[in-house]
Amino acid sequence: MLGRLLGYASALLAWLGGIALVLMMLHIAADVVARYIFNAPLHGTVEIVSAYYMVAVVFLPLAMIERANGHIVVELATQHFPSKVQDMLIGVVALLSAAYFGAFAWQTGGDAIKKYEIGEQALGTVAVTVWPTRFFLPIGCGMIALVLVYKAVRLFRGDRKVLQPHVAREAIE
């Protein structure tokens with residue numbers, strides 16, 4: 001049940017990151033067309049792309065990538081260890097990573113609240129309100145922390161299904 005809930009939540013965040021990627025592509029294409037064909041660039045494109053789209057594309061899909069075991073893994077020595085030792089090491093690393101991402105989520109969450117309170121804006125060719133994007137960091141990092149804790153618990157219980165690439169929905173239940 002918890003695995004399914006984490007799966008749906010991380011998939012939703014990944015979809016939002018994907019939508020941000022498509023919107024970024026369309027926005028930049030529209031700016032290029034407006035700039036070079038109509039000689040009228042879209043003001044604020046750089047600010048919107050860097051403050052909204054890129055932040056969403058980087059932080060929102062983190063949990064889904066972790067669920068799919070899509071992050072880069074280097075196994076120089078550990079590949080020769082017995083599978084139970086590997087599972088324990090991966091579980092410990094998952095817990096340490098969860099602690100890091102949890103602390104990062106906590107800190108950036110506090111920062112996001114402060115930026116919301118002051119109504120943070122990015123000043124460039126136009127003023128762009130950017131405080132909403134500050135919440136993408138704690139949301140994305142908090143979700144990956146939950147997925148990592150879940151993965152560690154499953155590994156400590158002897159369930160290796162969470163280590164399979166591109167985990168099927170049934171494997172995370």
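Quick note: residue numbers are just sequence positions, from 1. What you see is a predicted model, and the numbers here were worked out from it, not measured in a lab.
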[atom1]/[X] to [atom2]/[Y] distance, rounded to the nearest 0.5 angstrom?
{"X": "C141", "Y": "L148", "atom1": "SG", "atom2": "CG", "value": "10.5 Å"}
{"X": "I90", "Y": "N69", "atom1": "CD1", "atom2": "CG", "value": "8.5 Å"}
{"X": "W131", "Y": "Y116", "atom1": "CH2", "atom2": "OH", "value": "5.5 Å"}
{"X": "I48", "Y": "L23", "atom1": "CD1", "atom2": "CG", "value": "11.0 Å"}
{"X": "K114", "Y": "I118", "atom1": "NZ", "atom2": "CD1", "value": "10.0 Å"}
{"X": "L5", "Y": "Y150", "atom1": "CG", "atom2": "OH", "value": "10.5 Å"}

Would a hydrophobic clustering, with Ile, Leu, Val, Met, Phe, Trp and Tyr connected at side-chain separations under 4.5 Å, put [X] with [Y]?
{"X": "V57", "Y": "I19", "result": "yes"}
{"X": "M54", "Y": "V32", "result": "yes"}
{"X": "V149", "Y": "L62", "result": "no"}
{"X": "M64", "Y": "W15", "result": "no"}
{"X": "V33", "Y": "I28", "result": "no"}

Could you tell me which residues satisfy side chain to side chain contact (heavy atoms under 4.5 Å, CB included) with L13, sequence neighbours excluded, listed by chain and number? L16, L60, I139, M143
Looking only at heavy atoms, which two atoms of [X] and [Y] are closest? And how far apart?
{"X": "V130", "Y": "A122", "result": "CG1-CB, 3.8 Å"}
{"X": "Q121", "Y": "A127", "result": "OE1-CB, 3.7 Å"}
{"X": "V128", "Y": "E47", "result": "CG2-CB, 3.8 Å"}
{"X": "H71", "Y": "I144", "result": "CE1-CD1, 4.0 Å"}

Would you confirm whether [X], through its side chain, and [Y], through its main-chain N or O, come within 3.5 Å as a donor-acceptor pair?
{"X": "T133", "Y": "A51", "answer": "yes"}
{"X": "Q86", "Y": "F81", "answer": "yes"}
{"X": "D31", "Y": "L42", "answer": "yes"}

Do [X] and [Y] make a side-chain contact, defined as non-hydrogen atoms from C-beta onward lying under 4.5 Å apart?
{"X": "D87", "Y": "R160", "answer": "yes"}
{"X": "R134", "Y": "I113", "answer": "no"}
{"X": "P132", "Y": "Y52", "answer": "yes"}
{"X": "E66", "Y": "L6", "answer": "no"}

Which residues satisfy the ring-ring contact (aromatic ring centres under 6.0 Å, His included) test with Y53, sequence neighbours excluded? H27
Determine all donor-acceptor pairs shorter than 3.5 Å in which one atom belongs to a side chain in residues 93-110; sequence neighbours excluded.
| residue | atom | partner | partner atom | Å |
| --- | --- | --- | --- | --- |
| S97 | OG | V93 | O | 2.9 |
| Q107 | NE2 | D111 | OD1 | 3.3 |
| T108 | OG1 | F104 | O | 2.8 |
| T108 | OG1 | A105 | O | 3.3 |

